[in-house]
Amino acid sequence: MNRIPGPHSAFGWRINMFHFFRSPFAFQQKLLEGYGKLSALGQSVKPSAVFAFGPELNRQILSNPNFFEMSTALVKIPKDTVMGDLFYHNLLLMSGEKHKEHRRLIQPAFLHSQIERYGQDMTLITEQLADEWRGRTLIDVNTEMKKLTQRIALKTLFGVQNSEMMDTMGMLINRFTKSFLLATLAPLNIPFTPYRRSLRNAQQLNTQIRSMIHEKRQESDATDVLAALIRGHDEEGSALSDEELVGHAFSIYTAGHETTANALTWAFFLLVQHPNIYANLMEELNAVMGGSHLTQEKLSRLSLLDYVVKESLRLLPPASIGTRITNAPCELDGYALPEGTNVFFSQFITHRLPELYEDPNYFKPHRWQTIKPSAFEFLPFSAGPHMCIGWHFAMQELKIVLAVLLQRFNFSLVRNAKITPNLMMRPVHGMPMHISLDHGTFERVDVRGTIHRVIEYGVVPACLKK
Ligand code: HEM
C-alpha cells in the first residue's frame, strides 16, 4: 500500500503537533492544501497521527467505532478513586454495547417534549441575567455567557434554583474542573499536590450530587435531567446506579455549558460585525415577538434566527476538531493504519470546503434557505454513535438566549478589541461589547487578533453605516 503523504520533521511527529496546537486553523489549512484530504505527521510508514478532512473521511471514521475508538490516552486518572467515579461514567469514554445501553437509559432526558419543558427555565434565567445588566454599558460577552449557560445547566440538569445553591454547585464544579486538569498531568497522591486537592474537590462534589439524587428520589414531579435519569430504565427494567448517575450528571454538565457559551459568544460577534444581517434579524424578532414573552410557537417562526445559529456553528464550531484512536490495524481512504494511530477529523475544515459551501469564509446565514448538508458535511455536534446527545437542547438554548438578549439590548464590539479564537473556540482575550437600550444602531468596528485569518467580510450597505 502507498504511504500517506505529510510533513516530515527531524524532531518527529510531536513537533508538528506543537505547530498544530500553536496555530490550529492555519496548520490544518496548510495540510489540506499541501497534502490533500489525508496527511500523516511523522514517519509515513507508521504514522502516529493522521489528519483526515472532508465528509467521506468523516463518514469512514465516525461510522466505524469498532476500528476508530474514542481515545482515553490523555486521561490518567485511576478508575478506583472518587475522581474516577466522576470521570469514567461518561458516555464519551464508553464504547460498544455498554455505550449503547447507557445512551438508551439517558435518552429520555433529552426527548423533544422534555427539552421543550426546559425552554421555560432557559427563558426565565436569561431574562434574570438581562435584569442584572441594567445600568451596565460594557460587558465581556464570553464571561456573561458562561455564567448564563452554567445557571441554565444547573437548573435544567439538577433542578437547582436558589441562587445560594447555584453558587455552591458552580463553585464546587469550577474548583474540581480547574484542579482536575493539573491532577491529570501528575497523578501523585501526596499532600499539597494538585492531585490531592482534586481528590478533595471531587469528594465534595460527589457528596453534593449524591445528596441531590437522594432528595430527587423523594420528589415525584421533578422535571429536570437528573430526575429523568433516575426514572429512566430499559425494557428489562435495569436502571442507572447512583455511581453511574453521579458520573453522567457531572459529564453532561461539563459537556454542555462551555461549548454553548462559546457558540453564543461567536453568534453575537458575527451578528454585530454584520450589521445588515443584525438589522434583518431584529426586524424578524420584533415582528414575531414584539417585545412579548418567548414561546415555543414563536421560536419555531424565527427562521432567520435558526439560520444565524447554524451559520455561526458552521463558521466557528465550538468543537472544531475531533479525535479517535485506531484499536486494530485498519484502512482509511485506502491507506493502511496501524493500531494505536491518533486520527483527527476536522469540523472546522469540513465546514469550509468550497465544494460544500459557496464563499465558505463568509457569514451568510441565508444560505441555509437552500442547502441541506448531510450529517458528515455539517457536524458541529459530531456524527455517528457519539453524536452530541444534547444537540437539540443546545440549539434551543442558543436561540432562546439570542432572542431574549437581542430584544433587550443593542450590542456592539469595543473598537480595536483583540479577538482571537483558540482550538476550542474560546476567545482567549474575551469578547468585550458595549450594550445599550438604544436599538437601531448597527455598526461594524475594527478589531485586532487572529479572527481576521478565519473570517472574511462583505460590504456593509451605506444605509446601515453611521
Ligand atoms: C453548542 C453546544 C454544543 C456543542 C458544539 C457540542 C458538541 C459535541 C460534540 C462534537 C460531541 C461528540 C464528540 C465526538 O464525537 O468526539 C458531543 C458529545 C456530547 N455532548 Fe455535546 N455539544 C454541545 C452542547 C451539549 C449540551 C447542551 C449537552 C447536554 C446538556 C451536551 C452533552 C453531550 C454528551 C453527554 C456527549 C457525549 C455523547 C456520547 O458520547 O454518546 N452537549 N457534543
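Numbering of ligands and ligand atoms starts at 1, following listing order. Start at 1 with the first residue, then count along the sequence.
The structure places OH of Tyr118 at 7.0 Å from OG1 of Thr223, a figure rounded to the nearest 0.5 Å. Atom CG of Leu353 and atom NE2 of His351 lie 9.5 Å apart (nearest 0.5 Å).
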Just list the N/O pairs, ligand 1 to protein, that are under 3.5 Å apart, with the distance for each.
unit_1: ligand 1; atom_1: 15 (O); unit_2: Arg324; atom_2: NH2; d: 2.9
unit_1: ligand 1; atom_1: 15 (O); unit_2: Ser382; atom_2: OG; d: 2.7
unit_1: ligand 1; atom_1: 16 (O); unit_2: Arg324; atom_2: NH1; d: 2.9
unit_1: ligand 1; atom_1: 40 (O); unit_2: Leu92; atom_2: N; d: 3.4
unit_1: ligand 1; atom_1: 40 (O); unit_2: His386; atom_2: ND1; d: 2.6
unit_1: ligand 1; atom_1: 41 (O); unit_2: His99; atom_2: NE2; d: 2.7
unit_1: ligand 1; atom_1: 41 (O); unit_2: Arg103; atom_2: NH1; d: 2.7

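Counting heavy atoms from C-beta outward, Leu337 and Val343 have side chains that approach closer than 4.5 Å. At least one side-chain heavy atom of Glu311 sits under 4.5 Å from a side-chain heavy atom of Arg367. For the pair Ile455 and Tyr457, the minimum side-chain heavy-atom distance is below 4.5 Å.
Side-chain rings of Phe51 and Phe20 approach one another, their centers coming within less than 6.0 Å.
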